[in-house]
Amino acid sequence: MYYLTTYQSPVGLLTLASNGEELIGLEFEEQRYPGPFHAEEAVLKDNLPIFDKTKAWLDRYFEGQEVSYSELPLAPAGSEFRQAVWRLLCEIPYGQVTTYGEIAKQMATLKGIPRMASQAVGGAVGHNPISIIIPCHRVVGSDGSLTGFGGGLPVKAKLLELERFKQP
């Protein structure tokens, strides 16, 4: 069983999902790829400790404070490949960006292969079930342009602006 609650943020209404102990989802109202908890029975429950902790984290984040994914127990569901990409996303420092190509190079190194397609990485980034906390908004195109984001490009721009990142 999954539990859901909502959080009103400066970038719109967010839905938080939990298995009761860990955060398994954080989605925007107009999420491109909804998480797996939508297919299962879910119960609205605002008073879970994980939701309180996540909302406090989000409060600090939206106040412009630097926060870390490691402060929260996260359990995103995905393949081994997606999990590896999401771990790399968590290494992108607050207020900085990287490219899909750079993540592809890191993944190739991890897998011991000569190269990996940026499109494969893009698919994993795009299916990140815990937006903002697993910072997929910090991934940009090879030319520094803002590209694909489950919450929409205006939201991505606002999150990067909040982190004081200035687009070249």
Side-chain angles (χ1 to χ4, degrees), residues 1-98 103 106-107 110 121-140 148-165:
M1 176 172 296
Y2 296 118
Y3 302 96
L4 304 175
T5 191
T6 58
Y7 176 86
Q8 187 59 56
S9 81
V11 294
L13 187 66
L14 304 176
T15 298
L16 309 179
S18 173
N19 59 14
E21 300 292 324
E22 301 155 310
L23 191 69
I24 62 167
L26 188 157
E27 295 183 347
F28 300 95
E29 212 166 0
E30 301 292 325
Q31 187 78 20
R32 184 180 305 162
Y33 301 112
F37 52 85
H38 293 288
E40 300 285 332
E41 185 177 327
V43 174
L44 291 175
K45 189 168 187 174
D46 293 324
N47 62 347
L48 287 176
I50 183 59
F51 289 153
D52 294 339
K53 194 170 186 175
T54 302
K55 288 176 180 181
W57 188 100
L58 289 167
D59 286 344
R60 292 188 337 223
Y61 176 81
F62 286 114
E63 289 168 359
Q65 295 179 34
E66 189 171 333
V67 289
S68 171
Y69 75 95
S70 64
E71 297 174 37
L72 299 169
L74 306 178
S79 68
E80 183 180 319
F81 175 77
R82 287 182 178 178
Q83 296 279 343
V85 169
W86 299 335
R87 281 191 294 277
L88 290 175
L89 295 180
C90 290
E91 295 176 10
I92 305 169
Y94 181 93
Q96 295 182 32
V97 296
T98 193
I103 294 174
Q106 290 177 306
M107 284 298 296
L110 286 173
V121 167
V125 172
H127 284 84
N128 169 20
I130 307 178
S131 292
I132 302 174
I133 296 170
I134 297 177
C136 53
H137 60 279
R138 295 180 188 153
V139 182
V140 298
F149 183 65
L153 293 183
V155 171
K156 183 173 188 165
K158 189 164 186 168
L159 294 173
L160 291 173
E161 181 183 316
L162 174 80
E163 294 183 18
R164 294 174 289 290
F165 174 76

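Just so we're clear, the structure is a prediction, and the values are computed from it rather than from any experiment. Just the heavy atoms: all of them, side chains too, but no hydrogens, waters or symmetry mates, feed the values below. Counting from 1, the numbers follow the sequence of the chain as shown.
Considering CG of Leu16 and CD of Glu27, their distance stands at 10.0 Å, rounded to 0.5 Å. Taking OG of Ser9 as the reference point, atom NZ of Lys158 lies at 8.0 Å (rounded to 0.5 Å). If you take CG on Leu110 and CD1 on Ile103, they are separated by 11.5 Å, rounding to the nearest 0.5 Å.
Residues satisfying the side-chain contact (heavy atoms from CB on, under 4.5 Å) criterion with Ser18, sequence neighbours excluded, are Leu48, Ile50, Phe51. Remark: Gln65 pairs with Glu63 by the side-chain hydrogen bond (donor to acceptor under 3.5 Å, both in side chains) rule, at least two apart or across chains. Qualifying salt bridge (charged side-chain N to carboxylate O under 4.0 Å, His left out) partners for Glu71, counting only residues two or more places apart in sequence or in other chains: Arg60. Residues forming a side-chain hydrogen bond (donor to acceptor under 3.5 Å, both in side chains) with Asp59 (at least two apart in sequence, or on another chain): Tyr7. Ser70 pairs by the side-chain contact (heavy atoms from CB on, under 4.5 Å) definition with Ser68, not counting sequence neighbours.
Minimum interatomic distance between Ala84 and Met107 (heavy atoms only, all atoms of both residues): CB-CE, 3.7 Å. Taking every heavy atom of both residues into account, Gly151 and Phe28 meet most closely at CA-CD1, 3.5 Å. Across all their heavy atoms, Val125 and Cys136 have their closest contact at CG1-CB, 3.7 Å.
No close placement of the Tyr94 and Tyr69 rings is indicated, their centers lying 6.0 Å or farther apart.
At a threshold of 4.5 Å between non-hydrogen side-chain atoms, the residues Leu58 and Leu26 count as touching. The side-chain heavy atoms of Thr6 and Leu14, taken from C-beta on, include no pair separated by under 4.5 Å. Between Ile134 and Pro76 the shortest side-chain heavy-atom distance falls below 4.5 Å. Between Trp57 and Ile132 the shortest side-chain heavy-atom distance falls below 4.5 Å. Under the 4.5 Å side-chain criterion, counting only non-hydrogen atoms from C-beta, Leu74 is in contact with Ile133. Within the 4.5 Å cutoff, the side chain of Leu89 has no heavy atoms near those of the Arg138 side chain.
For Asn19 (side chain) and Met1 (main-chain N/O), no donor-acceptor pair under 3.5 Å exists by modelled atom type. The main-chain N or O of Gly20 is never found under 3.5 Å from a side-chain atom of Lys45 such that the two would form a donor-acceptor pair.
When the options Leu72, Thr54, Leu23 are evaluated for a side-chain contact (heavy atoms from CB on, under 4.5 Å) with Ile130, the one that passes is Leu23.
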Verdict with reasoning, Leu159 to Phe62, per side chain to side chain contact (heavy atoms under 4.5 Å, CB included): CA-CA 9 Å; Leu159 294 173; Phe62 286 114; 3.9 Å; yes

Apply side chain to side chain contact (heavy atoms under 4.5 Å, CB included) to the pair His137 and Val97, showing each step before the final yes or no. CA-CA 8 Å; His137 60 279; Val97 296; over 6 Å; no

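Checked by atom type, the side-chain pair Tyr61/Glu163 shows a donor-acceptor distance below 3.5 Å.
Pairs passing the side chain to side chain donor-acceptor pair (under 3.5 Å) check and including a residue from residues 83-92, sequence neighbours excluded, do not occur.
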